[in-house]
Amino acid sequence: MIKQRFSRHSVLSHSLWQRFFGSALGVGRSFVAVSALAAGVVDNAHAVTAPQNTLQPHTVVHAAKEFALTSSDTALLDDLEHRTFQWFWEAGDPRTGLVPDRYPSDQTQASVASIGFGLTAYGIGAERGYITHAQAVERTLTTLRYLSSLPQNDTPDKASGYHGFFYHFLDRNTGLRFNKDIELSSIDTALLMQGILFTESYYTADTAQEREIRTLANTLYQDVDWPWLRRPDQRLSMGWSPEHQLLPNYWEGYSEGMMAYVLGLGSTKHPLQPASWQAWLTTNDKRWGEYYGQTLLNFAPLFGHQYSHSWIDFRGIQDDWNREKGIDYFENSRRAVYAQRSYAIANPGKWQDYGPEVWGLTASDGPGELTEVQNGITRHFLSYAARGAGRDYTQDDGTIAPTAAGGAVAFAPEIAIPALKEMKRRYGKSIYGQYGFVDAFNPSFHHNNQKLWSDTAYLGIDQGPILLMLENRRSGFVWSVMKRNPSIRKGLERAGFRGGWLGNGSTAATPVATPADKAADAHQAG
């Protein structure tokens with residue numbers, strides 16, 4: 001049996017790149033802005049009616065063709081959403097609110113990114129009737145109180161974060177930095193803060209508990225010192241550690257990093273300048289182009305298209321760059337989904353079972369590091385890696401991650417839902433269990449005569465997009481809550497977004513530095 005590496009512990013000088021491209025580092029996604037990825041066509045979509053409780057259908061007018069659910073579609077989405085929610089509810093520690101990186105597992109690290117998805121999951125659960133509103137309030141308040149109590153300082157082993165940022169992984173028993181290989185992470189903190197801002201805007205009742213939620217959430221968010229991780233060229237570093245200081249890797253170009261910039265621009269206490277958004281955009285023209293019949297801003301793994309969109313509705317709002325291209329970021333990611341499907345249909349690597357309803361490359365677990373010859377073709381399989389297909393790179397070992405299609409339901413339900421149905425039908429209990437789809441499977445892996453490799457694990461950062469994007473497709477719930485958050489609106493407007501639900505005209509205004517921006521510059525210089 002091949003031993004998979006599930007350490008996710010890195011050497012900081014090169015950990016980010018290795019985690020992305022699957023060296024010996026197992027399960028982790030320390031996020032790197034790589035140039036790449038996928039395209040997709042347009043032809044769908046009116047929203048699906050939520051069949052229960054308080055959620056109402058959200059009309060999707062972004063694309064051209066209506067898409068209607070069948071009864072079997074609805075049954076699958078009902079079951080998958082409930083099972084995926086249960087992962088967060090049962091994985092989360094009711095004493096602290098910490099959510100593990102993976103569960104069930106004997107690992108001992110909590111993931112701050114998983115916590116961000118979890119805080120949002122509890123609201124979804126309350127709206128869907130999976131739990132009561134009171135239960136959601138209690139778990140949310142426990143989580144925020146615990147996070148607020150954790151120490152923030154520059155020591156290597158007696159802190160949970162520094163300057164408002166949190167370490168990628170925390171020890172599940174102490175809440176402190178998991179070990180000295182773990183970086184203070186700008187993107188994992190951003191994923192956490194998205195969930196925290198969701199709580200600020202969702203729990204609006206005039207009760208002592210919900211007032212405390214709003215106060216704690218706002219304080220945690222406003223304490224993040226975004227300019228502290230800003231480089232002289234205005235870009236955000238991916239992280240920091242006491243041992244290595246600022247990481248040389250930085251956020252540039254279309255990726256999940258866009259949420260960090262929006263959050264930084266929306267801050268009142270420690271804001272980024274609009275110039276940081278412009279710096280983030282500088283590589284876009286180099287990464288814009290055709291891939292498998294689509295013209296898009298490329299990023300190879302689909303998670304980069306899903307994370308920011310899980311909370312922020314980018315339909316119909318445009319910054320200067322995508323206004324010039326006649327597109328918005330939602331449509332761009334929609335095209336990425338279609339490109340991945342077209343890549344699977346073409347199947348240049350001749351992987352088993354790839355086709356119109358079996359597709360989906362993103363960062364995920366894999367069968368393990370192994371090279372062998374199958375039918376005269378040398379195959380190299382990977383453990384955890386950032387699989388993807390795009391103009392800039394392709395990394396594919398035949399491993400399919402259901403979160404790729406599950407997190408794409410909001411973008412392209414007419415191809416994502418049939419893919420989920422077919423994968424569940426074809427591979428049955430091997431890939432669909434107590435908490436929905438396992439993290440990944442590989443029909444081409446036949447080592448020791450096995451029929452296929454299927455994971456036994458569920459990862460919070462892959463369960464999250466499935467849950468949030470399913471709900472956004474069905475009701476628009478998470479998007480609607482986040483539209484009410486003043487920091488999200490402010491961040492988008494200061495990045496130059498106009499139109500659509502922002503309702504501030506169709507012509508982009510030139511972003512200008514505010515006194516707070518100038519103060520942030522002075523803070524960084526000091």
Side-chain angles (χ1 to χ4, degrees), residues 8 10 12 15-21 25 27-36 99 101 109-120 160-170 177-178 182-197 220-221 224-231 235-241 246-267 270 272 276-277 279-280 299-312 329 362-363 384 386 388 403 407 459-462 464-465 468 488 491:
R8 216 176 165 189
S10 60
L12 279 168
S15 69
L16 296 168
W17 193 261
Q18 281 187 320
R19 286 183 193 175
F20 225 162
F21 291 102
L25 290 168
V27 292
R29 194 172 303 160
S30 221
F31 305 88
V32 177
V34 296
S35 24
V99 181
D101 177 46
Q109 68 261 38
S111 159
V112 298
S114 292
I115 297 170
F117 281 115
L119 287 169
T120 312
S160 306
Y162 190 38
H163 281 269
F165 291 92
F166 284 84
Y167 284 103
H168 188 165
F169 294 127
L170 305 177
R177 183 188 189 190
F178 186 63
I182 301 304
E183 79 282 7
L184 199 77
S185 171
S186 55
I187 196 61
D188 291 280
T189 297
L191 286 159
L192 172 62
M193 292 301 150
Q194 291 275 47
I196 284 173
L197 288 184
L220 283 163
Y221 165 65
V224 180
D225 189 353
W226 303 98
W228 177 67
L229 280 187
R230 187 181 58 190
R231 295 155 31 110
R235 294 172 177 86
L236 277 175
S237 170
M238 291 189 176
W240 175 93
S241 75
L246 286 183
L247 299 183
N249 311 82
Y250 56 91
W251 290 106
E252 179 182 73
Y254 186 69
S255 63
E256 75 279 18
M258 70 193 302
M259 78 173 76
Y261 286 102
V262 171
L263 291 167
L265 288 163
S267 174
H270 300 295
L272 291 176
S276 288
W277 185 264
W280 179 70
F299 185 85
L302 283 182
F303 76 83
H305 295 268
Q306 295 169 350
Y307 283 179
S308 297
H309 293 261
S310 292
W311 285 277
I312 302 173
Y329 291 115
T362 190
Y384 191 96
T403 188
L459 276 65
I461 53 176
D462 290 336
L468 272 62
I488 294 297

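In what follows, residues are counted from 1 in the order of the sequence shown.
Heavy atoms only, all atoms of each residue included: Asp188 and Ser185 are closest at OD2-OG, 2.6 Å. Here the closest heavy-atom approach between residue Pro227 and residue His270 is recorded as CD-O, 3.3 Å. The two atoms that bring Thr189 and Gly164 nearest to each other are CG2-O, 4.2 Å, heavy atoms only. The two residues Ala190 and Leu263 make their nearest non-hydrogen contact at O-CD1, 3.5 Å. Heavy atoms only, all atoms of each residue included: Pro301 and Ala363 are closest at CB-N, 4.2 Å. Gly257 and Ile187 get closest at one heavy-atom pair: CA-CD1, 3.9 Å.
Looking only at distances, no side-chain donor or acceptor of Ser241 sits under 3.5 Å from a matching main-chain atom of Glu183. Using modelled atom types, no side-chain atom of Tyr307 and backbone atom of Met259 make a donor-acceptor pair closer than 3.5 Å. Side-chain atoms of Arg177 come within 3.5 Å of backbone atoms of Ile182 as a donor-acceptor pair (strictly under, hydrogens ignored). Ser255 contributes no side-chain N or O that, together with a main-chain N or O of Gly304, makes up a donor-acceptor pair within less than 3.5 Å.
Between His168 atom NE2 and Leu184 atom CG the span is 11.5 Å, to the nearest 0.5 Å. Rounding to the nearest 0.5 angstrom, the gap separating the OG1 atom in Thr120 from the CD1 atom in Ile115 is 12.0 Å. To the nearest 0.5 Å, atoms OG (Ser267) and OH (Tyr221) are separated by 5.0 Å. Considering OG of Ser237 and CG of Leu246, their distance stands at 5.0 Å, rounded to 0.5 Å. Between His309 atom NE2 and Glu256 atom CD the span is 11.0 Å, to the nearest 0.5 Å. Annotation: the span from Phe303 atom CZ to Asp462 atom CG amounts to 9.5 Å, rounded to 0.5 Å.
In this structure the side chain of Leu220 never reaches within 4.5 angstrom of the side chain of Leu192, judged on heavy atoms. Side-chain contact between Leu170 and Val112 is present, with heavy atoms from C-beta onward closer than 4.5 Å. Taking the side chain as every heavy atom from C-beta outward, Ile312 and Gln194 approach each other to under 4.5 Å.
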Between Val262 and Trp311, does a side chain to side chain contact (heavy atoms under 4.5 Å, CB included) hold up when you go through it step by step?
CA-CA 12 Å; Val262 171; Trp311 285 277; over 6 Å; no

Using the side chain to side chain contact (heavy atoms under 4.5 Å, CB included) rule, take Leu236 and Leu272 through it: C-alpha gap first, then chi angles, then the decisive distance, then the call.
CA-CA 9 Å; Leu236 277 175; Leu272 291 176; 4.1 Å; yes

Where do Phe166 and Met193 land on the side chain to side chain contact (heavy atoms under 4.5 Å, CB included) test, with the steps shown first?
CA-CA 10 Å; Phe166 284 84; Met193 292 301 150; 4.1 Å; yes

Go through it in stages, so that I can follow the logic: the residues are Arg235 and Tyr261, the test is side chain to side chain contact (heavy atoms under 4.5 Å, CB included), and I'd like the CA-CA distance, side-chain angles, deciding distance and then a yes or no.
CA-CA 9 Å; Arg235 294 172 177 86; Tyr261 286 102; 3.7 Å; yes

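Checked against the 6.0 Å centroid threshold, Tyr254 and His305 count as a close aromatic pair. Under the 6.0 Å cut-off for aromatic ring centres, Trp280 and Tyr250 do not qualify, their centroids lying 6.0 Å or more apart.
For the ring-ring contact (aromatic ring centres under 6.0 Å, His included) criterion with His163, the lone passing option out of Trp240, Trp226, Trp228 is Trp228.
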